[in-house]
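Chain A is the first sequence line, chain B the second, and so forth, proteins listed ahead of strands; every chain is numbered from 1.
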Amino acid sequence: MTQVVIVKTRFAPSPTGSLHLGGARTALFNWLFARSKNGEFVLRIEDTDKERSKPEYVEEIIESLKWLGLDWDGEPYFQSQKTALYQEKIETLLSEDKAYRCYCTKEVLDTKRSEMMKAGEKPMYDRTCRDLEGQESSRPHVVRFKTPLTGAASFVDTLRGVVEVGNDELDDLIIRRTDGSVTYNLVVVVDDAEMGITSVIRGDDHIANTPKQVNLYKGLGYEPPEFTHVSMILGKDKKRLSKRHGAESLLEYRDEGYLPAALVNMLARLGWGYGDQELFTREELVEKFTLSKITMSPAVFDKEKLDWLNAQHIKTMDNNELARLALPFVQKRHPHATQEDAEKLIPLLKERSRTLVEMAEGMDFYFTREIRYEQKAEKKFLTEKGLKPLERVMELIENCSDLDTETLDREFRKLAENLGLKLKEIAQPVRVALTGKTVSPGVFEMINVLGRRESLNRLKAASDIMRSIESTVK
RNA sequence: GGCCCUAUCGUCUAGUGGUUCAGGACACCGCCCUCUCACGGCGGCGGCAGGGGUUCGAAUCCCCUUAGGGCUACCA
């Protein structure tokens, strides 16, 4: 009988803040590994810190993961609901003499620690209560795990190989607080083991915790899983990413008009590579992802590269889908905009927008009734000299049988030639007339979506201005 | 302080002892394309942190230094 080992990974955030880029990448790697192996990926909320855990953060984390498209198997698991299990494990450790009650107060511990620091010693618990006779459960106490006094704790990291730390470096860690609540190191071990997690993929800030946890695995009679520690994500100043670096929460990127596909691509390429390939779809990532290709060194997050990636994904995305994602951004500027409007305008903007915000801005011309001319644009292009050509353009649009871009292109060129002008000499004034700006989508495309009536209205308005200049001059 | 982790262009990375005076991408700078802005195409700038070993041969292996990061909580 062959035993098939199914891969099972987990993302285990503590709901003490928003999901940030580092956490999102950890989640992504766990998700990718599970999906690439046809395994399971579960979401576990580590809410054992009652003080700092907040339900709204749980909501935000879930919303972020959904936005990225990282779906988990089953229901989210909350550690706060599994206290009985943890208490049972602690009682077992106690009864097996693998843990003990410690009656030292926090104050005593704190002063001892600072004294040790002052004396230049290792600030460790002095194990006063480790071998105390007669353990009273009625007195206030914490429960500490009996870390072996000799030997070493080691584990295999997928990327780094064997990591070993002498047990003399390790403290007797607290596994249950005075108030009876349980602590992180105990709980992760129990859960990872009980849930059957085969591969723990987490931030390398946990690498120093792992040896302690390995001792716990042994003490509880569990087999440790495979560990993979992923590096941190840094800001431009090479410091750990924080508010100072701009967007901290993943949802801020959503609100700035980035595509989930682009964020996933970005996060994957930050600390992982597949030859020279830069652009990946989610499916390709699942297909090509391997743990061994993860980089161990910390990576600096470069927003300019995200911009580029976002533009690339915008360019290749299906128009309808893109319109759906862009619509909220358009409606923020123009509340009456519809899905149809967005779909009509997408082709004009998808080649020239880096974000959905830029895309929505680029659509302004379509929704604006009264064109407000930029001063520089007006002065340069709405001139007396430009009046005649503009009038000819109006005639052209009036008489043009079909306002598709090919016809317009052909007719505009013909007109330019007849007038002895370059195409740009008529295209620029028309652009200003239609948008008030010198930068916009192509004029033929704009005329096409605006339609004959509206295009003529705008050209008429511009020509009136040009005429008034003419009369002032005279 | 102690312990642990990391180190290729400004940034993300390819590279796992020899077809590499180190390849790609972003950014930047030229040129081309062009109705503007973009897109795109072509080209350029730019790197193995430093020092010792090992080896016929080192970006690749080992050691030291330096730099950055983490842990050292009744946080996770």
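Sorted by first then second residue, the side chain to side chain donor-acceptor pair (under 3.5 Å) pairs that include residues 432-448 of chain A, not counting sequence neighbours, are A:Arg431-A:Ser440.
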B/S/- contact track for nucleotides 21-36 of chain B, protein heavy atom under 4.0 Å
--BBBBS-------BB
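For the residue pair A:Tyr222/A:Glu194, the side-chain donor-acceptor check at 3.5 Å is satisfied.
The residue A:Lys422 sits apart from the nucleic acid: no heavy atom pair falls under 4.0 Å. No engagement by A:Lys50 is indicated, since no non-hydrogen atom pair under 4.0 Å with the nucleic acid exists.
The ring-ring contact (aromatic ring centres under 6.0 Å, His included) check on A:Phe280 picks up A:Trp272, with sequence neighbours excluded. With sequence neighbours left out, A:Asp126 forms a side chain to side chain donor-acceptor pair (under 3.5 Å) with A:Lys112, A:Thr128. With sequence neighbours left out, the ring-ring contact (aromatic ring centres under 6.0 Å, His included) criterion links A:Phe365 to no other residue. Legend: residues meeting side chain to side chain donor-acceptor pair (under 3.5 Å) with A:Arg352, ordered by chain and number and at least two apart, are absent. A:Phe11 is linked by a ring-ring contact (aromatic ring centres under 6.0 Å, His included) to nothing, counting only residues two or more places apart in sequence or in another chain. Residues satisfying the side chain to side chain donor-acceptor pair (under 3.5 Å) criterion with A:Glu361, sequence neighbours excluded, are absent altogether.
For B:C3, the paired base is B:G70 (Watson-Crick or G-U wobble, both distances below 3.5 Å).
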Please enumerate all protein N or O atoms sitting under 3.5 Å from an N or O of nucleotides 61-69 of chain B, with distances to 0.1 Å.
from: B:G69; atom 1: OP1; to: A:Lys239; atom 2: NZ; distance (Å): 3.2

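Note on A:Thr183: every side-chain N or O is 4.0 Å or more away from OP1 and OP2 of B:A73.
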